[in-house]
Structure formats: C-alpha cells, structure tokens
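Structure first, commentary second.
In this text the structure is predicted, and so the values were computed from the model without any measurement. Naming: A, B, ... by sequence-line order, numbering from 1 per chain. Excluded from the calculations below are hydrogen atoms, water molecules and symmetry mates; all remaining heavy atoms, backbone and side chain alike, are included.
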Protein chains: 2
Amino acid sequence: MRSSDIDVHGTADEQLRRAGQRYTANRRSLVDALVGSSGPVTVIELLESIDGMAQSSAYRNLAVLEEAGVVHRVVTDDDTARYELAEHLTGHHHHLVCARCGAVIDIDVPNVIEDELRSLSAKVARAHGFRIDHHRLDLVGTCGNCTAPTD
Amino acid sequence: MRSSDIDVHGTADEQLRRAGQRYTANRRSLVDALVGSSGPVTVIELLESIDGMAQSSAYRNLAVLEEAGVVHRVVTDDDTARYELAEHLTGHHHHLVCARCGAVIDIDVPNVIEDELRSLSAKVARAHGFRIDHHRLDLVGTCGNCTAPTD
DNA sequence: ATGAGTGCAAAGGCTTTGCATTAGG
DNA sequence: CCTAATGCAAAGCCTTTGCACTCAT
C-alpha cells in the first residue's frame with residue numbers, strides 16, 4: 001500500500017469530517033507536502049515547501065490532522081518534531097535515523113520481525129497492565145553524507 | 001547485568017577520566033539518582049530528587065556524562081528529554097511508553113527478536129550506506145493509571 | 001595559581017496561545 | 001450570519017549560554 005495507490009485527499013477529507021473538521025486549503029497543502037516526502041519532515045521544512053502559510057497555522061493544522069488520524073507526529077533524537085502521513089496512508093514502516101544530521105528514512109521490516117513484535121506486545125501488555133497501541137522501531141546510526149571525507 | 005551488580009560510580013569515574021573530565025559531587029548525585037530509577041527520567045524529576053543543584057548544572061553535567069558514555073539521552077513522545085544510565089551499566093533493554101502521561105518503563109526483549117534486529121540492521125546498513133550504531137524499540141500504549149475509571 | 005565546575009540570570013529555539021480578521025457553510 | 005480558520009504578534013516551555021565566583025589539583 002503506497003500513497004500513490006490511495007485517494008489521500010479523499011481519505012483525509014473524510015477523516016476530518018468525521019472529526020467535525022473541515023479540509024481547508026492549508027490542510028490540503030500540508031497533506032500534499034507530506035505525500036511528496038520520503039520520510040518524516042520538520043515543520044520548518046513543510047513551511048519552506050508551502051509558501052505563505054503562517055507558522056501558527058502549520059502547527060495548528062498539523063495538530064488537527066493528527067487528532068483526526070491523517071498524519072502522525074514523530075520524535076527522534078533532535079527535539080524537532082517531524083510529521084508523516086498516518087500508516088493507513090503509507091503502510092506500516094519503521095525509520096532509519098542519522099544521529100548526526102537528523103535525517104529520517106522510511107524502511108520496511110520483514111514480517112518475521114513484525115510478527116514477533118506483535119506477540120511481544122501482547123505479552124508485555126499483560127505483564128504491565130498496559131493497552132499497547134503500536135510499536136516503534138528505529139535503526140540509529142550515521143548516514144553516508146555524515147560519514148563522508150569532508151568531516 | 002544490573003546496576004546493582006556493577007560498581008557504577010567506579011565505572012563512571014573511569015569513563016569520565018578517560019574523557020578528561022572529573023567525577024564531581026554533582027555528577028555523582030545525578031548518577032545516584034539514575035541508579036534509583038526504573039526507567040528514563042526527566043531533568044525536572046532529577047532536580048526534584050537531588051535538591052540544591054542548579055538547573056544549568058544538571059543540563060551541563062548530563063551532557064558531559066552522555067559525552068563520556070555514562071548516561072544516555074532518550075526522547076519519546078513528549079518533547080522532554082529523559083536520561084538513563086548507559087546500557088553497559090543497565091544491560092540492553094527497550095521501553096514501554098504511555099502515550100498519555102509519558103511514563104517510560106524498561107522492558108527486556110527475547111533474544112530471538114534481538115538477533116533478528118541485528119541482522120536487519122546489517123542489511124539496512126548495506127542498502128542505505130549507513131553505519132548503524134544501535135536500534136531503539138518502543139512499545140507505545142496507555143498505562144494502567146491512564147486507563148483508570150477516573151478518566 | 002589555574003582551569004574546571006557551579007549558580008544565577010538572561011537568551012534561544014521550537015511550539016502554543018490570544019486576538020482581531022477573513023472565509024466557508 | 002455564525003462559527004471555524006487564519007495571520008500576526010506575544011507568550012511559554014525546555015534547554016543553552018554568559019559571566020562572575022568557587023573549588024579542586
């Protein structure tokens with residue numbers, strides 16, 4: 001399942017309506033920007049690629065979109081939040097993170113591991129009285145650019 | 001391997017010396033506070049349990065301790081950093097996170113999964129030109145308190 | 001004595017909020 | 001019309017930094 005295979009805007013619209021929200025031009029712009037990215041992006045990056053949107057609108061609308069389940073807020077190592085489309089729009093995936101420059105790349109993980117993680121979740125939920133919603137798996141290292149000779 | 005089984009202060013001292021740093025009273029207090037916790041704690045929590053240490057000293061010393069490899073900075077969902085002892089002092093583990101209140105609890109993961117993750121890392125490293133240092137696995141959900149009837 | 005460590009207060013950077021204006025149903 | 005959404009500016013919150021003082025070697 002890839003963003004290109006689904007009617008992202010239609011789905012977003014529907015999810016927002018269901019949440020009692022409108023799918024405004026600004027919100028559409030944000031979703032468009034996210035569709036075009038290969039991994040979670042920062043608010044600043046979004047603003048750069050959108051032009052004319054107030055910073056406060058970006059933050060407010062991303063919050064609305066997250067609340068409605070259209071986008072997902074991601075925090076890695078640096079303390080700048082990043083956003084990506086929700087998993088039902090992108091497919092389940094995990095992240096490869098550069099600890100140096102903060103770059104984040106989407107990666108897929110073998111089903112064997114996903115299965116193991118699901119059963120682990122069930123076990124841990126029981127043991128600790130949690131309800132587990134999802135798991136998060138990041139591989140953290142240094143990307144090609146940051147290892148480059150220029151260092 | 002548990003904190004109680006190792007000479008944490010001796011190790012910390014040695015690591016700091018190796019990094020050209022001193023193991024001062026403040027740094028020792030921070031390590032002590034971390035030894036007593038069952039998971040990553042926020043700087044504010046550390047300050048509450050220490051008494052008399054300036055906030056700036058906490059941040060500065062935690063940075064030094066992290067640089068020396070004594071502690072590890074952890075970021076989860078809220079944007080407050082948390083700190084824990086480095087893995088060679090606590091053993092390799094992962095985190096159970098409450099998305100509601102932010103609580104973080106250490107958990108162990110079966111070796112099968114750890115093995116799978118290691119080989120996944122190697123594969124992904126090759127595919128993306130990364131050098132992978134470690135992985136991070138969080139199970140995210142809602143803890144018992146936050147699911148309680150009082151809601 | 002000399003540089004590292006400390007505390008206090010001020011500054012920074014990301015994010016949120018207040019308020020008046022604009023736009024959508 | 002009437003509420004939601006927007007932009008601008010101000011405020012908040014966590015974290016970092018500047019500076020003078022203190023401590024350890």
* To do: Round to a whole Å and report the spacing from CZ of B:Arg27 to C1' of D:dA24.
  => 12 Å
* Length of the CG-P vector between A:Asp77 and D:dT15, whole Å -> 14 Å
* To do: Tell me what A:Gly52 touches on the nucleic acid: a base, only sugar-phosphate, or nothing, going by heavy atoms under 4.0 Å.
  => sugar-phosphate
* Asked: To the nearest angstrom, how far is A:Leu65 atom CG from D:dA5 atom P?
  -> 11 Å
* To do: Starting from C1' on D:dA5, measure out to OH on A:Tyr23 and report it in whole angstrom.
  => 15 Å
* Asked: Looking only at side-chain N and O atoms, does A:Asn61 come under 4.0 Å of OP1 or OP2 in D:dT6?
  -> yes
* Any donor-acceptor pair under 3.5 Å linking the side chain of A:His88 with the backbone of A:Gly69? -> yes
* Asked: Between B:Pro40 and B:His95, is any pair of side-chain heavy atoms under 4.5 Å apart?
  -> yes
* Please give, in whole Å, the distance from D:dT3 P to A:Gln21 CD? -> 16 Å
* Is a side-chain N or O of A:Gln15 found less than 3.5 angstrom from the main chain of A:Ala68, in a donor-acceptor match? -> yes
* Asked: Could you state the CG-P distance from B:Leu30 to C:dG5, rounded to the nearest angstrom?
  -> 13 Å
* Criterion side-chain contact (heavy atoms from CB on, under 4.5 Å) on B:Val43 and B:Tyr59, from CA distance to verdict -> CA-CA 7 Å; B:Val43 175; B:Tyr59 281 106; 3.7 Å; yes
* Structure fact -> Rounded to whole Å, the CG-P distance (B:Leu47 to D:dC13) equals 17 Å
* Asked: Do side-chain atoms of B:Ser57 reach the backbone of B:Met53 as a donor and acceptor pair under 3.5 angstrom?
  -> no
* **Residues, nucleotides or ligands: over 12 heavy atoms within 6.0 Å of A:Asp115 CG** => yes
* Give the B/S/- string for nucleotides 9-25 of chain C, one per nucleotide from 5' to 3', where a protein heavy atom under 4.0 Å of the base yields B, of only the sugar-phosphate yields S, and otherwise -. => B----SBBBB-----S-
* To do: Would you mind reading off the distance between B:Glu67 atom CD and C:dA4 atom P, rounded to a whole angstrom?
  => 15 Å
